[in-house]
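Heads up: the structure comes next, in structure tokens.
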Amino acid sequence: MAASPSQSPPSDHQQNQSSSSDDDETNTRRDADIRARDAFAKRLRERDDDQTKKKFKAEPVSHESDRSKLSVEELRKRSRHVYLKSRKEKKIDELEQELADEDYLFKGVKLTKREEEDIKLKRIALNLAREHDQAQQMENVDRYHMPTGKSDETSKNDRYREDNRYSDAKANGQSGQNFEQRKWEDEVIHTALPHFGSLDKDAKSKQPKYDYILDEEIQFVQQLTIPGVNEFLQQKEKSKLHEHEDENKRKYRTLLESRKTLPIYKFREDLMSAIRDHQVLIIEGETGSGKTTQLTQYLFEEGYCEADTEDEDEVEDGDDDDNIKLPDGKKKTKKKMMIGCTQPRRVAAMSVAARVAEEMNVKLGREVGYSIRFEDCSSERTIIKYMTDGMLLREFLGEPDLASYSVLIVDEAHERTLHTDILFGLVKDIARFRPKLKLLISSATLDAEKFSQFFDDAPIFRIPGRRFPVDIYYTKAPEADYVDAAVVTVLQIHVTQPLGDILVFLTGQEEIELANEMLLERTRKLGTKIKELIILPIYSTLPSDMQIRIFEPAPPGGRKVILATNIAETSLTIDGIHFVIDPGFCKQKTYNARNGMEALTITPISKASANQRAGRAGRVAPGKCFRLYTSWAYQHELDDNSIPEIQRTNLGNVVLLLKSLGINDLVNFDYMDPPPMETLRLAFEQLYALGALNHKVELTKLGRRMAEFPLDPMLSKTILASETYKCSAEILTIVSMLSVNNSIFFRPKDKTLLADTARQAFFVPGGDHITLLNVYNQWKDTNFSTQWCYENFIQFRSMNRARQVRDQLETLMERVEIEILSNPADTIGIRKSICAGFFYHTAKFSKNGMYKTIRHQQSVLIHPNSALFDQIPRYVIYFELVLTTKEYMRQVIEIENEWLRETAPHFYKTKKLDDDDKVKKMPKVLGKIKAELERNYS
DNA sequence: GAGCACTGC
């Protein structure tokens, strides 16, 4: 069924799809591309010529410095030049060779458009390099004038150089505004010179490291020349202020008009017919194409929400039953079908739903709604539903065939979240026995082919976006200290480039604070010589009021620079960004399945990520992206894509969920990229040990109850065990507090002592879990006060989140039929419950003064922030192992070893754990799992 | 005596 319409290869289909008008359009687009590229090449040449002229006059200076005594700096500089020169030659050779190879190998072969463009670009690059080379043979040319951070004596020479430059410019008849502007800028730079790089006195910073090579230009297609949607709306609203048209009507009409300006609008007919013809369609839509908001509306207008009468006979027996139950027995009361659209993030689901409701002129939560954790804003009448991907996954539990949906759109599929990856396998499966179900997978450019392959060669439909071109600059040589380099680049942009905000990507809070300080210090020294520069940090744990500041516009004549973590890569968009600085790193969580240890490590980003970052500069106007790594590094050292989450995360929860959906063979599940065998094995092993799976690897009753909770299986088990010890209320609190990742205690840098004292005041005997309980209960006693949090160095946001989680868990308790009982004094019962879920995470004090984990015999320490830090309990249970400066157990409680036997008799030997304590051997069934996994993965 | 990328259910 699914196969027949999609037999033609994707590219063919694409061509068939395009009508003659589209052909025209692609032609004009191509022409525009070529023109743009030519103009670009011309600009480059002109600039090079220009600079060659300028530098030509500077020659005597370099001779002069030749004669002077050679300093170490000078020697370094020279050796660097030699290196750069030889490196460049090598690169040019490589490029030449590559092109020659391509000529030879692909002669007469018809290449795809992309390949052709690739070759074309390489040719242009080569030509430019040659031209530049020729220019350099005349002179030792620095391609850009950049602040150099040289010491006073050399800067004098520099000034001489510059002065010559100006006389030269004047001689060429250059004058007027541009000239003055440049002169002014350069003066600013020169007065600034002694201060640049003054923080680090090492020679490195004194080198001309601020040279950028304009290596390539990413061609973001600028399809339409009309103004952006927002601008359009504003204009409309302003112009109609004095009209007497009905407010709502007017608003609706403007919305309708602005919908038509979206790039996707032109493709509507083709798109709809493609959806009619094919069950699965991959939609390759660039940002700004309008797909997320328009697609659902088009589908609705095409009647995809109408109850399908044919389906009634074929597969929808269940629904028939529902209808028969209706008292009137009306046939036509059959529920309308829904169009579902998943998003990876909550905010996106909410805001897009709100926008669509507005465009359709309905109240949000009725015909158009959204569903995210903690908030279901949809109703019986809802026909267009936006939701987070995890939410749809949960819906499978109640409706395994998703019968109430006629269309499913998986948006932002290229982000490859754990949940979308699982969804892929599931929706592909239900599409097989629900031929009427339409499946739309929407993704960014690069991965479309891969998605197509996964969905049995589903056709790809391409929709252009609306974006501005972004110039990409690379450094000539790798930067050792990217924070410093980023700071220097910020200042450089600030003094040399026209107004427009700067976005810097750093890896974490620490780097952001460091960069912030460096920038403050250096701008302070520059004083009023430079324009105003507002520095704004942003990362997820930053208090909300500070976060909001990044959206305030820069002061007139000034500029803002935003120092951000990865949060600015996808999660939030900031308007007005013209410049992006990308050092090329991010923090990633790594999990070592061998010893259960987690660590956050700084790793290079992927190409996809780098391009995403660059794209952030081209949202409102043409932009520039400065990459603090070399073009070679981009080409050869960065992976194409980031490793999908499914391959680097604990799968306990997912395995449990899939098991409860009746998917028994998880090894042969249809993964787009299968998870590592070791991770699956570990998940099975843990679930077996927790009693969620039996010896036949089937889901047990306990496992079914555990699956109800959106938690790690160990936490779910803890909750279920609290029934036995009659302390479910306390356990719910503890589990909720644990699930907001240790961001409860606030520790500002300038008040560490006060904060630590405040934290220690919460300590209670038993350990950290009980301490967390104490914190929550005290907060509750103040009626969840913000002020109390502030006074006690507690993060209100985290507490609020814990409260939300707790509320949700409490309602889920009804489903598993556990009464909520409170027994606050019985910390033994509380700790035994935790033991029942976390017996895997036991560590015993050993002779060497450290703890050893029972499972892996890993040497670990109690975290210094723990309530048990200066105590030495013989047995402890930990919540997690982290590798930071040392191997630490985080969130620890003291236990008695008898409790292990009591709470996990199948896991621990019945004898008392002693010096030679050993974990019971895993039964053979796990050996079987392992063998099966290995067979399937070989 | 330490140190916290980002999501999501």
Side-chain angles (χ1 to χ4, degrees), chain A residues 342-349 371-376 387-397 412 415-423 505-514 538-542 564-572 585-590 598-605 609 612 642 644-646 648-650 652-654 656-657 707-713 715-716 736 739-749 752-753 755-756 759-760 795 798 801 804-805 808-809 812 861-866 869-870 880 882-890:
Chain A
T342 72
Q343 294 290 324
R345 275 169 295 279
R346 297 160 50 91
V347 201
S371 170
I372 57 180
R373 190 186 184 183
F374 309 131
E375 201 182 339
D376 183 4
M387 63 201 123
T388 44
D389 44 15
M391 213 59 201
L392 184 62
L393 211 51
R394 285 268 144 191
E395 283 194 13
F396 270 94
L397 276 176
E412 313 282 357
E415 285 194 27
R416 304 291 308 275
T417 67
L418 175 61
H419 291 149
T420 36
D421 266 24
I422 300 294
L423 277 178
F505 283 100
L506 296 166
T507 68
Q509 182 181 348
E510 202 185 342
E511 278 179 19
I512 288 174
E513 280 167 1
L514 175 67
I538 175 98
Y539 44 87
S540 72
T541 50
L542 191 76
T565 58
N566 248 5
I567 195 170
E569 194 176 302
T570 47
S571 304
L572 55 89
F585 291 96
C586 70
K587 271 190 193 168
Q588 249 191 1
K589 198 170 179 174
T590 52
E598 287 174 351
L600 264 182
T601 43
I602 294 178
T603 45
I605 58 172
S609 208
Q612 172 75 20
S642 314
E645 195 181 359
I646 196 170
R648 54 185 166 86
T649 192
N650 181 313
N653 196 11
V654 167
L656 192 60
L657 183 83
E708 290 289 333
F709 294 94
L711 296 167
D712 184 279
L715 288 169
S716 310
S736 310
S739 56
V740 296
N741 38 4
N742 49 289
S743 53
I744 298 288
F745 297 104
F746 181 53
R747 200 165 179 273
K749 248 211 248 160
T752 50
L753 225 67
D756 287 347
R759 183 168 47 82
Q760 280 155 15
Q795 304 224 35
S798 303
R801 209 186 134 67
Q804 280 186 309
V805 174
Q808 188 196 23
L809 295 180
L812 289 174
L861 292 165
I862 294 180
H863 196 279
N865 279 357
S866 169
F869 177 62
D870 41 13
E880 59 186 353
V882 288
L883 173 69
T884 51
T885 49
K886 291 183 185 127
E887 290 92 350
Y888 285 114
M889 300 181 279
R890 228 162 22 194

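Numbers restart at 1 for each chain; the letters A, B, ... are given by sequence-line order, proteins then strands. Heavy-atom basis, side chains included; hydrogens, waters and symmetry copies ignored.
Protein atom NZ of A/K749 is 14 Å distant from nucleotide atom P of B/dC4, rounded to whole Å. The distance between atom CD1 of A/I567 and atom P of B/dT7, rounded to the nearest whole Å, is 4 Å. Rounded to whole Å, the distance from CG on A/L506 to P on B/dC6 is 12 Å. Taking atom CG of residue A/L423 and atom P of nucleotide B/dC9, one finds them 12 Å apart after rounding to whole Å. Remark: P of B/dA2 and CZ of A/R759 are 13 Å apart, rounded to the nearest angstrom. Note: CD (A/E412) to P (B/dG8) measures 13 Å, nearest angstrom. When rounded to the nearest whole Å, the span between CG of A/L711 and C1' of B/dC9 equals 8 Å. Nucleotide B/dG8 holds its P atom 13 Å from the CE atom of A/M391, rounded to whole Å.
Listed nucleotides: B/dT7, B/dC9, B/dC4. Nearest to the side chain of A/L600: B/dC4. For A/F869, taking side-chain heavy atoms from C-beta onward, the closest of the listed nucleotides B/dC9, B/dA2, B/dG1 is B/dG1. Set against B/dC9, B/dG1, B/dA5, the side chain of A/D756 has B/dG1 as its closest nucleotide. The side chain of A/Y888 approaches B/dA2 more closely than any other nucleotide in the set B/dC6, B/dA2, B/dT7. The side chain of A/T885 has B/dA2 as its nearest neighbour among B/dA2, B/dC4, B/dC9.
Under 4.0 angstrom from either OP1 or OP2 of B/dA2 there lies no side-chain N or O belonging to A/R747. For B/dA2, one of the phosphate oxygens OP1 or OP2 lies less than 4.0 angstrom from a side-chain nitrogen or oxygen of A/K886. Of the side-chain N and O atoms in A/T388, one or more sit less than 4.0 angstrom from OP1 or OP2 of B/dC9.
Residue-level contact check: A/Y539 touches the backbone only, with heavy atoms under 4.0 Å from sugar-phosphate atoms and none from bases. Base engagement by A/N865 is indicated by at least one non-hydrogen atom pair under 4.0 Å involving a base atom. Counting any heavy atom pair closer than 4.0 Å across all strands shown, A/T565 reaches sugar-phosphate atoms only and no base atom. A/N653 comes within 4.0 angstrom of a base, heavy atoms only. At a threshold of 4.0 angstrom between heavy atoms, the contacts of A/R373 include nucleobase atoms, whether or not backbone atoms are also involved. In this structure, A/R416 reaches neither bases nor backbone, as no heavy-atom distance under 4.0 Å exists between it and the strands shown. Within the 4.0 angstrom heavy-atom criterion, no nucleotide atom of any strand lies near A/L657.
A/R345 has a carboxylate O that lies under 4.0 Å from a charged side-chain N of A/E415, or vice versa, which qualifies the two as a salt bridge.
Residues A/Q612 and A/T570 bring no donor and acceptor atom of their side chains to less than 3.5 Å of each other. Side-chain contact check for A/S798 and A/S743: at least one donor-acceptor pair (N or O, by modelled atom type) lies under 3.5 Å.
If you take CZ on A/F869 and CD1 on A/I862, they are separated by 8.5 Å, rounding to the nearest 0.5 Å.
Along DNA chain B, the nucleotide closest to A/S571 and the one closest to A/Q509 are compared, and the more 5′ of them pairs with A/Q509.
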For A/E513 and A/Q509: C-alpha separation, side-chain torsions, deciding distance, then whether side chain to side chain donor-acceptor pair (under 3.5 Å) applies. CA-CA 6 Å; A/E513 280 167 1; A/Q509 182 181 348; 3.1 Å; yes
Show, in sequence, the C-alpha distance, side-chain angles and deciding distance for A/E645 and A/T649, and conclude whether the side chain to side chain donor-acceptor pair (under 3.5 Å) test is met. CA-CA 6 Å; A/E645 195 181 359; A/T649 192; 4.8 Å; no
